[in-house]
Amino acid sequence: MSRFLLKIISISFALGLGALSPAMAKTFCSMTLNSNDEIATFASALTKQGFNFVELVPDNKDPRWFQKACQSGLKCDVLLISGHFGGLFFGEGTSQTIDIAEMEKASCSNSCPGILNNPKEVFLMGCNTLASQKRDHRTIDQYLNVLLNDGIPLDFAEQVVASRYSQQGFSLEKRFSAIFPDTAKLYGFYSTGPLGKHAAPLLNRYLKNVGDYNVHLDSLNSSANSKIASAFKGQAFRETIPAKSVPQEERGLYCALRSSDKTVQSKAVERIAQENKVTAYFDSLASQLTFGASMASQIDASSKDIIKKSLAKIRSNNSDLVTIQHEVLQVSSSLGLIDPVSRDIQVRTLLDKAYYQTLNYAKIRQICGIIRDEPGFQNMSFLRLQELAKRSPYFMLTLSCYSELNDDTRTFLFTKIASPDAEYERTIALHVMKTHWKPEDMDFLEMVLKTADPLLRTRLYISARSILSQYKYSLLLTPGLPSCVLKAESNASYSLGDEWSCLTNNPSQLSPDVCDYFADRNPDPENADDMRWYCWSGNKQRLLNSRPECFLLAETFKIRGNQMKNIWNCSNRDIYGY
C-alpha cells in the first residue's frame, strides 16, 4: 500500500472513523501509476464510510507486482486505475506499468478473479480507455506521435493506433469490457481525459452528490449513472456496461483465441471465419498466431479461403502501418496461407520499405521487432550495412536483434570496433558482439588489444569475456576501472557494495557497455536498474550529445517503465540535459 494511503487510513482510525464492521466493509482497490489525486479524493470521502483502501502498486519497482496482487486472494468491490494510457497504464513518477494485453491474459485465464471479476465498478482514469473506433480531434499520425513521445515502442504504438482508429479488432472500450466481464459499470474516457489534478474536484463533486456509497454500490443497475455523467460533463467521459458491450458469447470467442489449447483455439478460428468475423477479431489473431506456431493442419480449406480474403483487406487498409502489415504475414504463415518462399520475399519487401522511411529511433525499434520475429531471416551485405549506417546513426542498434551474424555483419562490426567513425559505433559494436564472439576471432582481438588503452582493453574484455576470460589478469592489471572489473571477475561471491563502488569511483569511464556489465551482474532487477539510472544521471550531457549511446543505455533497462522513461529522456531532453 502506498505511503499516502497508509497516512489517510491511519488518520481515519485515529479519529474513530469507520462506521462498518470489518466483515461488512467494502474494499476499494487502486492501481496508482501516475498522480494520486483521484485516489486521494476517494479515500478522503469514503474511508469514513467504512471502506478499506488497498493500493496494489507497491512503492518498490517490482515488475511482478500485478501477478502478486492477483495471487494474494484480495477481492475488490471497486477498482480505480489511474495513469497515462496508451495501450498500457504508466506514469511520470513511477516505474511500474500495467499492459492491457497482460490484463486480457489474466482475465481470460481467470487467474485474477478478485481484481478483474469481483469489482462492481471500475474507474479507468486515463485517456482513450473507453474509446470506440470513431475519429476524434486527432489524426492517426498525431495520436501515434503522442504515444512515441511517451516512450512507447513504434510496433506497440501502431497496434494501439489500430485498436483506436482502424475498423478492425476490438476497440479499447470492448477490450476493457472483455477484461471486466462481471463488472456492473466501467467508467473512462472516449478521447483525451483530464489530468488527475483536474479530475479530482469533479470526483469530489460526484461523491458529494452520491452520499452513501455503500448504498450506491448495492443498488447498481443498468440505468445510466447520471450523477457521474453530470460531474464529468464536457470531459469526453463514457460509461459502459461490459455485458452489453461484449456479450458472453463474443467474449467466449475472444478468450478461446487466447487459449493455450490448440484445439480450442483452432475451433475458434474456424468459427470467426465461417461467421465472417475475421476483421472484428484480428487483434486477437495477431496477438496469438505468430510465426512458428503453425495451426495450418487444424483449419479447414473453406475457413482458410475466407481468412485469406479478410487479411488482404486488412493489409490494404493499413498500408502505412508496418507492424500491422507484418502481423498479417504472421497470421498468414501460422494458418498456412502463404508458403515460406513468398513469406520471405514479402518480409524482405516490408523491411526494405521500413529502411527507406525516416530512420529515427522509433523506426529502428520497429525494424528490430520484425527481425526478432523472423528467425529464418538473417543479415545483409557489407555494402548495405555501410549504406544504412551512413543514413542513420541509430541503424547499428538493429544488429543486436539478430540471433546469428553472417560474415559480412561480423566484418562490419570488427571495423567499427577497430576504427570507428564515431565513438558510439564502437560502443554499439561491442554490445552487439557480446553474444557472438568465436574462438577464431582471437586474431582480430589480439591485433586491437595491442594498441588499445587500458579502458578499451577493459571494454573489449567485457564484450568478449567468453573467449578472453583466461587472459583477465594480463588485460585488467591496471588501477581504476580495469582492476575493478578484475576484482568482480575474480570474487567467488557477489558483492553489491564493491560493484556499486566501481561505478561511483569511475564516473568518467562509464559508457553504456560498462554500465550494463555491472548492472547485469546485479541479481536484483530493481537495484540493477538503479545502476543504469546512476550511469544516466552522471553522464547526461555526454549521452545526449551521443544519442545512439543514450538509446543503447535505455534499451538495457529491465523494468519497462524505467526503459520508457529513459527513452523519453534520450528523445526529448535538450543538449543541456534538462
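Side-chain atoms are counted along with the backbone in the values below, which use heavy atoms only and exclude waters and symmetry mates. In what follows, residues are counted from 1 in the order of the sequence shown. The shown structure was predicted, so the numbers you read here are calculated from the model rather than taken from an experiment.
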Checklist line | R560 and D99: CA distance, side-chain angles, deciding distance, salt bridge (Lys or Arg N to Asp or Glu O under 4.0 Å) verdict | finding: CA-CA 10 Å; R560 188 174 191 176; D99 190 331; 3.0 Å; yes
Margin query: When you compare the side chain of F89 with that of N34, does any pair of heavy atoms fall below 4.5 Å?
Written below: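 Answer no - side chains too far apart.
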Check: Hey, are E423 and R459 close enough for a salt bridge, meaning a charged N less than 4.0 Å from a carboxylate O?
Finding: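 Result for this pair is yes, salt bridge flagged.
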Margin query: Going by salt bridge (charged side-chain N to carboxylate O under 4.0 Å, His left out), name the residues that satisfy it together with E425, two or more places apart in sequence or in a different chain.
Written below: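 Partners of E425 by the salt bridge (charged side-chain N to carboxylate O under 4.0 Å, His left out) criterion, ordered by chain and then number, come out as K416.
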Item checked: T409 and N406 side chains, donor-acceptor separation under 3.5 Å ->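 Indeed, the side chains of N406 and T409 share at least one donor-acceptor pair under 3.5 Å.
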Note to self: Please check: side-chain N/O of R457 versus main-chain N/O of A452, any donor-acceptor pairing under 3.5 Å?
What the structure shows: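 Answer holds: yes.
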Item checked: R532/D529 salt bridge by N-O under 4.0 Å criterion ->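 Looking at R532 together with D529, the answer is yes, because their closest N to O distance falls below 4.0 Å.
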Note to self: L33 vs H84, test: side-chain contact (heavy atoms from CB on, under 4.5 Å). Steps then yes/no.
What the structure shows: CA-CA 8 Å; L33 281 307; H84 295 304; over 6 Å; no
Checklist line | For Y361, all residues meeting ring pair (Phe, Tyr, Trp, His ring centres under 6.0 Å), sequence neighbours excluded | finding: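 Partners of Y361 by the ring pair (Phe, Tyr, Trp, His ring centres under 6.0 Å) criterion, ordered by chain and then number, come out as F551.
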Checklist line | Contacts of type side chain to side chain donor-acceptor pair (under 3.5 Å), residue D524, not counting sequence neighbours | finding: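 By the side chain to side chain donor-acceptor pair (under 3.5 Å) rule, D524 matches no residue at all.
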Item checked: Pairs where residues 53-97 contributes a residue and the test disulfide bond (SG atoms under 2.5 Å apart) is met, not counting sequence neighbours ->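 Applying disulfide bond (SG atoms under 2.5 Å apart) to every pair that reaches into residues 53-97, excluding sequence neighbours, yields C29-C76, C70-C112.
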Next item on the list: Grab the two heavy atoms, one from A354 and one from I367, that are nearest each other, plus how far apart they are.
Entry: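 Closest heavy-atom pair between A354 and I367: CB-CG1, 3.7 Å.
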Notebook entry, point to check: Under the salt bridge (charged side-chain N to carboxylate O under 4.0 Å, His left out) test, which residues partner D530, sequence neighbours left out?
Noted result: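 Partners of D530 under the salt bridge (charged side-chain N to carboxylate O under 4.0 Å, His left out) test: K61.
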Note to self: Can you see whether S381 engages D408 through a side-chain donor-acceptor pair at a distance of less than 3.5 angstrom?
What the structure shows: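 Distance-only check fails for S381 and D408.
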Check: Between Q563 and R365, what is the shortest heavy-atom contact and its length?
Finding: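 Minimum heavy-atom contact is OE1-NH2, 3.1 Å.
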Checklist line | Short side-chain to backbone donor-acceptor contact, E55 and T32, under 3.5 Å | finding: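 At least one qualifying donor-acceptor pair exists.
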Checklist line | F28: partners by ring pair (Phe, Tyr, Trp, His ring centres under 6.0 Å), with sequence neighbours left out | finding: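 If we apply the ring pair (Phe, Tyr, Trp, His ring centres under 6.0 Å) test to F28, skipping adjacent residues, the hits are F42, F53.
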Next item on the list: Taking salt bridge (charged side-chain N to carboxylate O under 4.0 Å, His left out) as the test, write out the residues that go with E387, two or more places apart.
Entry: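 Partners of E387 by the salt bridge (charged side-chain N to carboxylate O under 4.0 Å, His left out) criterion, ordered by chain and then number, come out as R384.
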Next item on the list: List the atom of I371, the atom of C401, and the distance in Å for their closest heavy-atom pair.
Entry: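 Closest approach of I371 to C401, heavy atoms only: CG2-O, 3.7 Å.
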Note to self: With no hydrogens and no angle check, just 3.5 Å: does a side-chain donor-acceptor pair link Q366 and T323?
What the structure shows: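 Yes, side-chain donor-acceptor contact under 3.5 Å.
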Next item on the list: For residues W500 and F518, establish whether the separation of their ring centroids is below 6.0 Å.
Entry: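 Centroid distance W500-F518: not below 6.0 Å, so no.
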Notebook entry, point to check: Listed by chain and number, what are the side chain to side chain donor-acceptor pair (under 3.5 Å) partners of R258, not counting sequence neighbours?
Noted result: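 Y254, S284.
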Notebook entry, point to check: Do any N or O atoms from the side chain of S400 and from the backbone of L397 form a donor-acceptor pair under 3.5 angstrom?
Noted result: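 Checked: pair present.
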Next item on the list: Of all the heavy-atom pairs spanning I417 and A429, show the shortest one and how long it is.
Entry: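 Residues I417 and A429, closest heavy atoms: CG1-CB, 3.6 Å.
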Item checked: Step-by-step ring-ring contact (aromatic ring centres under 6.0 Å, His included) determination, W437 to F414 -> CA-CA 11 Å; W437 291 103; F414 287 170; 5.7 Å; yes
Margin query: Walk me through whether L79 and I81 qualify under side-chain contact (heavy atoms from CB on, under 4.5 Å).
Written below: CA-CA 7 Å; L79 175 65; I81 308 178; 4.1 Å; yes
Notebook entry, point to check: What do you reckon, is NZ of K434 surrounded by more than 12 foreign heavy atoms closer than 6.0 Å?
Noted result: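 Check passes, neighbour count above 12.
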Next item on the list: Applying salt bridge (charged side-chain N to carboxylate O under 4.0 Å, His left out), name anything that partners D453, two or more places apart in sequence or on another chain.
Entry: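 Partners of D453 by the salt bridge (charged side-chain N to carboxylate O under 4.0 Å, His left out) criterion come out as none, since no residue qualifies.
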Notebook entry, point to check: Any idea which heavy atoms bring T504 and Y534 closest together, and the distance?
Noted result: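 What the structure gives for the nearest pair is CA-OH, 3.3 Å.
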Check: Which heavy atom in L544 sits nearest to a heavy atom in C570, and how many Å separate them?
Finding: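 Of all heavy-atom pairs spanning L544 and C570, the closest is CD2-CA, 4.3 Å.
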Notebook entry, point to check: Can you list the steps and then say if M31 with Q96 is a side-chain contact (heavy atoms from CB on, under 4.5 Å)?
Noted result: CA-CA 10 Å; M31 300 180 190; Q96 294 91 342; over 6 Å; no
Check: Of L510, T556, D516, L543, which meets side-chain contact (heavy atoms from CB on, under 4.5 Å) against C535?
Finding: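 One option only clears the test, and that one is L510.
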Next item on the list: Begin from the C-alpha positions of L552 and T427 and carry the test side-chain contact (heavy atoms from CB on, under 4.5 Å) through to its verdict.
Entry: CA-CA 9 Å; L552 177 60; T427 302; 3.8 Å; yes
Margin query: We want to know whether T358 and N360 form a side-chain donor-acceptor pair, criterion being a heavy-atom distance below 3.5 angstrom.
Written below: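 Judged by distance alone, the side chains do not pair up.
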Next item on the list: Anything under 30° is parallel, anything over 60° is perpendicular, the rest tilted; go ahead and classify F176 against F180.
Entry: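 Plane angle under 30°, so parallel.
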Next item on the list: Output all residues satisfying side chain to side chain donor-acceptor pair (under 3.5 Å) with E526, sequence neighbours left out; order by chain, then residue number.
Entry: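 E526 satisfies side chain to side chain donor-acceptor pair (under 3.5 Å) with no residue once adjacent residues are dropped.
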Next item on the list: Sequence neighbours left out, what passes side chain to side chain donor-acceptor pair (under 3.5 Å) with R391? Give chain and number order.
Entry: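 Testing R391 for side chain to side chain donor-acceptor pair (under 3.5 Å), a comparison that skips the adjacent residues, returns none.
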Next item on the list: Any pair with a residue in residues 462-477 that passes salt bridge (charged side-chain N to carboxylate O under 4.0 Å, His left out), sequence neighbours left out, goes on the list, sorted by first then second residue, please.
Entry: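 Qualifying pairs, neighbours excluded: R465-E489.
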